[in-house]
Every structure is written in C-alpha cells, then in structure tokens.
Amino acid sequence: MNAARTGTDGVALTIVIVLFLAVTVLGFAAARWRKGESLANLDEWGLGGRGFGTFVTWFLLGGDLYTAYTFVAVPALMFASGAIGFFAVPYTIIVYPLVFVFLPRLWSVSHRHGYVTPADFVRGRYGSRTLALAIAVTGILATMPYIALQLVGIQAVLEVMGVGGSGNKLVADLPLLVAFVALAAYTYSSGLRAPALIAFVKDILIYLVIIVAIIYIPHKLGGWGHIFDSAQTSLSQKSPATGKPKGSVIPTAPVIWPYATLALGSAMALFMYPHSITAVLSTSRRDVARRNAALLPAYSLLLGLIALLGFMAIAAKVAPIGLDGKPNPQLAVPQLFENMFPSWFAGIAFAAIAIGALVPAAIMSIAASNLFTRNIYREFFRPQADPAEEARVSKIVSLVVKVGALVFVLSLDKTLAINFQLLGGIWMLQTFPTLVFGLFTRWFHRWALLAGWAVAMVYGTVKAYDVVNPATHKHFGGSAAQIPFLSGRNGYIALTAFVINLVIAAVLTVALRAMKAPAGTDATEPEDYWADEGDPRVAPLPELARG
Amino acid sequence: MTDPAPSGSTPRAGDGPVHRRRSAAYAVAAVLLLAPFVALLWVSSYAKDDPRLWGFPFFYWYQFLWVLLASLFTYTAYRLVRATERTRARLTDRSEP
C-alpha cells in the first residue's frame, strides 16, 4: 500500500497553489482590516494596533502553537522514537497555568510604560541597557531555529508533492527556496495584521483536516488499539545505528526524565519567545491573557491527536523517503495524507500544513525584528529614529532573521526537525529569571542575572553541540544530556542550564548586594503591575506609537 | 509562583475580612494551578498501558483527560482571581481621591 515515488500529484499541487494564492490575497487585504492611521509605525505593523480581544487573540496565540512543530516535527518524533514525542501534550498543558500567573503582570506594566518587547521591560525594570541587550539578542537568536523548523515543514509538504528533485543542488533545494520566498514576501507587506487574519483560515483548514484524519484514518487502519499495537511492534525493532530498540509506545525508565524535563523546559520557554509575548501585548485588556489560558487547552487536545498521526504512519507502513533517496521522518505525516486521502483532500491537507507553517513563521520574524529595532537599533545606534524609520528597519530585519533561519536549515542535522525548536528553547529559557522573576521581585541584581544568563547560554550551547546523532554523526543531534549530580539520568539541556543560571544569579546577587554594587533605577512601581484598560495611566494608542 | 497579595496597598483597618477572603481565593487558585504540574511531571505514575480506553493505552488517555481538567481548573482559578481583583480595584479607587 505504500506508493513508490509517483512524481508530482497535479490535483494536490493545484489545490495547494489555489489556497495559497487565496491566502496571499487575504494577507494583502489585511492591511486594510481594522486599519489604524498608518502601517508605517511599529505599533501598527508590529502589534496590529494593540486592539485584539479574546477571540482574535485565541486564534493568534493558536497560530503560535499550531505550527510545523505540531504538524510535522512532533509526529516525526513519535514516528521515529515513540512515546517521547508525546511530551508536547504535557508541555502545552502546563504552559497555561504559567501564563496565568505572570502574563497579566507583564501586560499591565507594558501598557503603563509603552513597552512593546520583553527587553523594553527589562530595560525599565533594571535600568540596564546591557541586560536588555542580552534579552533582545537571545530572543532574536532563539527565534531563528524555530523559523527554520517552519521552513522544514513547508519543505516536507513540497517534497511529498514531488516539487524539487535530486538533480543539481539548486533544484534539490527548490522546495526550501519556494518556502522561503513566500514567507518573506508576505510578512514584508502586511505586518501582524496578515497572520492574524490568515490565522482564521488556517485554523479552519487545520480543524477540517484533523477531524477528518483522526476519524477516517484510524477507521481505515482497523482502530486505535491496532494502531498502538503495530506501533509498539515496529518501534521495538532494533535501530541499526545504536543496536537498541527505536523506542516504545509506553515510556520506559530511561525516557521518564527526558519526558518530564522536555515538557517543563518547553513550557517555561514558550512565553519567553518574543512572538508569544507580541501576541499577548497586542490584546486589549489585562484579562484577555487569563481567559485565553482557560480556553487554549482545546489546542492541546488536537495537538495530542496530531502527534498520534506519527503512530498512524507506522501502522499504515508509510516509508517516508525524501527526494534525495534517504529516509526522512519529517515526511511521515504528509506522506500518510498522500497515501490515505484522495488527491483533492490531500491537497487541502498539504495547504493546511504549509499555511500553518507560514503564519507562525511570519509572526515570529515580526517579533524578532521588533526586538532588534527597539532594543538594539534605537537604543544603541539611532536614538532619534522616527516611527516610519523604525517600521522600515523592522521590515528589513524580518528578512535578515529569515536568512538566519535558512542558515540553520542548511547547516544543522535535519534528522529530527524538533531539535531546532528545542535548541531555541535552550537559549530562550535562560531569559526566564530576568523576565519572569523580574515581574515579581527586584531582589536579583542585574549583574548577577547577566552573569547567570551568560554562563547558562555557553553551557547550553556547548552541551547541545556535544550531542552527536548516532546515525548521521552530526553535532546538535539532540537536546537531552546527562544531568550533573543525577547519575544515569538524562534531561532537557535547557532545564539543566536554567538551574545553573539560577544558582549563579542567586549567589552573585547576595555577593553584589553585600558589596553594595549599584542596583540600577527601577522605572516601574508596584501598582503598574495591576493596571488595566481604563486606568488613566494606561496610555492611549497614539501616544504609545510615538513612545 | 502565585500572585502575591498586592504589595502596593497596605491593608487598612476594617478590610480584614476582605483581605482574608482574598488570601483564601488566592490559595485555592494556587492549588488549582499547581495540580497539572504535579500530575503530569510525575511521569512514572502514569507510564503504563493498562487500563485501555477505546484502544488508547492509559498513558495517552490519562494525559488527554488532563487537558480537560487543566482547562477546567484554570477557568475556575480565573473566576476566583477576577472576583478578588475587582474587589481590590474598588477598594483602591476609594482610597485614591
């Protein structure tokens, strides 16, 4: 039942192109939706005018979560290694209680002081340009591999459709090039309004595909019980590279710790990403983030079912062979769709995955470029830049960030694309102490936070580099490593680095305080963390745009 | 990691019961928000196949169940916290002429 390469599927390709064009038109039209005075300033281009309520925010935040990560990378991990990939479910569950606790405070203080980025807040809270710079650089750096993951997702769909080929280098990389150009072109034109509007279309397409997939495919494969059983049989076969079983359907003892630490570390890192914070700051009221925290788990339910597509691909005996002739687990889900669905519906499913990668990638690159413009360009190079200049710089940087993502795709091990996102998480999590603890207390000293961050960044990067993929012998081959002082236990490197970060920050804070090192000016007041819409000091929009 | 009692307004004589009710609400909210962490990060407590439900091993349906529970808990916490924050806003308004 597994088709050999059948060349390009004309029907599916046509449907993908039509849906893609429709979405692009919508993206351009979005510039006119809920139009503010002009797109030529950061609040409009980058935060959509900050007027989004619960409903739009739900889609926008969902846009951040439902990405190629969900659709391609997580099922690929399930397909290749079994239960470990399901960590994405506890991850997306426990992220909401976390959000609930700290995001309203960030919303309030940001709206009182006109902060657009997390680094703006750090600058105001600690009176330290250097610490703000560290936060900004981490955000930009960590976003790149996450965008890279989206490119890999689009590439996977194009490959399964037969776009590209194994001839010369240029044709082989054609799917990647197409994905990249499409993404760059439309982010540049409409800013955040485009992804917010397209997120509706994307979510409708995705819901449609998922509901059909989780009802139709298990029925065709002989039921859920059979899917789990055949996944177990297949995963218990030995991997030729390691000589050990590839994985299991129920986590075994060595998988328990990585499972829990990946879930916790990813959850703590998610709302450090500039794009997640952008989505929250673009809401209209303090409460919106909390109400969303109660509504968003609906996404986790679907995410879990999508993850199980990886097992369905095993049960359906899908052999995901790339255009270069090598097996590529990222192709498992697109290939499953192609094998199971009629061409026209496979086309819709491919479009859903591709658009589902495009929207978050656009949101991410916008957020990263906001960070650059506000906290690096204006802060260090052009303090007198006017709003039009800021918007212009952001647009250009959004292209540079995507080029950075391309570098990640071309240089890192692509065996399991999820490692791109996990690598980003290793870096991103190191801003947690400064940002989240900073929302509650000024106890930590700014220099101590900076030192903790620096050591943890180096530690995390070195540890991740040291993980060598046993099959490809490439570095950055995974994201879990032995936890120091816990013999024989592996854990997500991000979390180990976080603990080191925290210990250094705490110890140095005690020392620096004893030495009476200058603590910096705190521009915020305790009441700022409680402000809501309607508060006389929550600045109205035109003032924020110029702030 | 829960919201501490607001540090900006010092409790005045006379709002003792309000203050106590607020602390109780925050405590309940904290428990509701912490529960998913304990349940889901204690992986060995649910890493097993039996009992199955509609063909799903326990490991899978248990976590799906927690999606619903966490949503319910978070919503309850939201209602609790919102009610107390509104009370608080009213008290603050009165104290700031």
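Naming convention: chains lettered A, B, ... in sequence-line order (proteins, then strands); numbering from 1 in each chain. What you see is a predicted model; the values in this text were computed from it and never measured. These values consider heavy atoms only, across backbone and side chains, with no hydrogens, waters or symmetry-generated copies.
- With a 4.5 angstrom heavy-atom cutoff, A:Ala83 touches chain B via backbone and side-chain atoms both.
- Nearest heavy atoms, B:Leu33 versus A:Pro97: O-CB, 3.5 Å.
- The number of heavy-atom neighbours closer than 6.0 Å to CH2 of A:Trp443, taken from other residues, nucleotides and ligands shown, is above 12.
- Residue B:Trp66 touches chain A through both its backbone and its side chain, counting heavy-atom pairs closer than 4.5 Å.
- The structure places OH of A:Tyr96 at 10.0 Å from OG1 of B:Thr74, a figure rounded to the nearest 0.5 Å.
- No side-chain heavy atom of B:Leu41 sits under 4.5 Å from any side-chain heavy atom of A:Pro90.
- Heavy atoms closer than 4.5 Å to chain A are found nowhere in B:Ala39, neither backbone nor side chain.
- Ring centroids of A:Tyr259 and B:Phe59 are separated by less than 6.0 Å, placing the two rings close together.
- Note on B:Tyr60, B:Phe73, B:Tyr75: by heavy-atom pairs under 4.5 Å with chain A, the leading option is B:Tyr60.
- Nearest heavy atom pair, residue A:Ile93 against residue B:Ala70, reads CG2-CB, 3.4 Å.
- For the pair A:Leu98/B:Phe37, a side-chain contact is recorded, criterion being any heavy-atom separation below 4.5 Å from C-beta on.
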Can you check side chain to side chain contact (heavy atoms under 4.5 Å, CB included) on B:Phe58 and A:Ile250, steps first, answer last?
CA-CA 9 Å; B:Phe58 180 76; A:Ile250 306 298; over 6 Å; no
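- Under a cut-off of 6.0 angstrom, the local environment of CZ in A:Arg442 is crowded, with over 12 non-hydrogen atoms contributed by other residues, nucleotides or ligands.
- The side-chain contact (heavy atoms from CB on, under 4.5 Å) test applied to A:Thr233 returns no partner, not counting sequence neighbours.
- Between B:Leu40 and A:Val89 the shortest side-chain heavy-atom distance does not fall below 4.5 Å.
- Ranked by heavy-atom pairs shorter than 4.5 Å toward chain A, the options B:Val67, B:Leu32, B:Asp49 are led by B:Val67.
- Contact check for B:Trp54 versus A:Trp224: no side-chain heavy atoms found under the 4.5 Å cut-off.
- With a 4.5 Å cut-off on non-hydrogen atoms, A:Leu305 touches chain B through its backbone and its side chain both.
- The contact between B:Tyr46 and chain A is made entirely by side chain atoms (from C-beta outward), counting heavy-atom distances below 4.5 Å.
- In this view, B:Leu65 and B:Trp61, B:Leu69 satisfy the side-chain contact (heavy atoms from CB on, under 4.5 Å) rule, not counting sequence neighbours.
- Ranked by non-hydrogen atom pairs under 4.5 Å with chain B, the options A:Pro104, A:Ala260, A:Ala307 are led by A:Ala260.
- Taking the six-membered ring for Trp and the full ring otherwise, B:Phe64 and A:Phe86 have centroids separated by under 6.0 Å.
- The nearest pair of heavy atoms linking A:Asp229 to B:Arg52 is OD1-NH2, 3.0 Å.
- Two rings, from B:Phe56 and A:Phe228, have their centers less than 6.0 Å apart.
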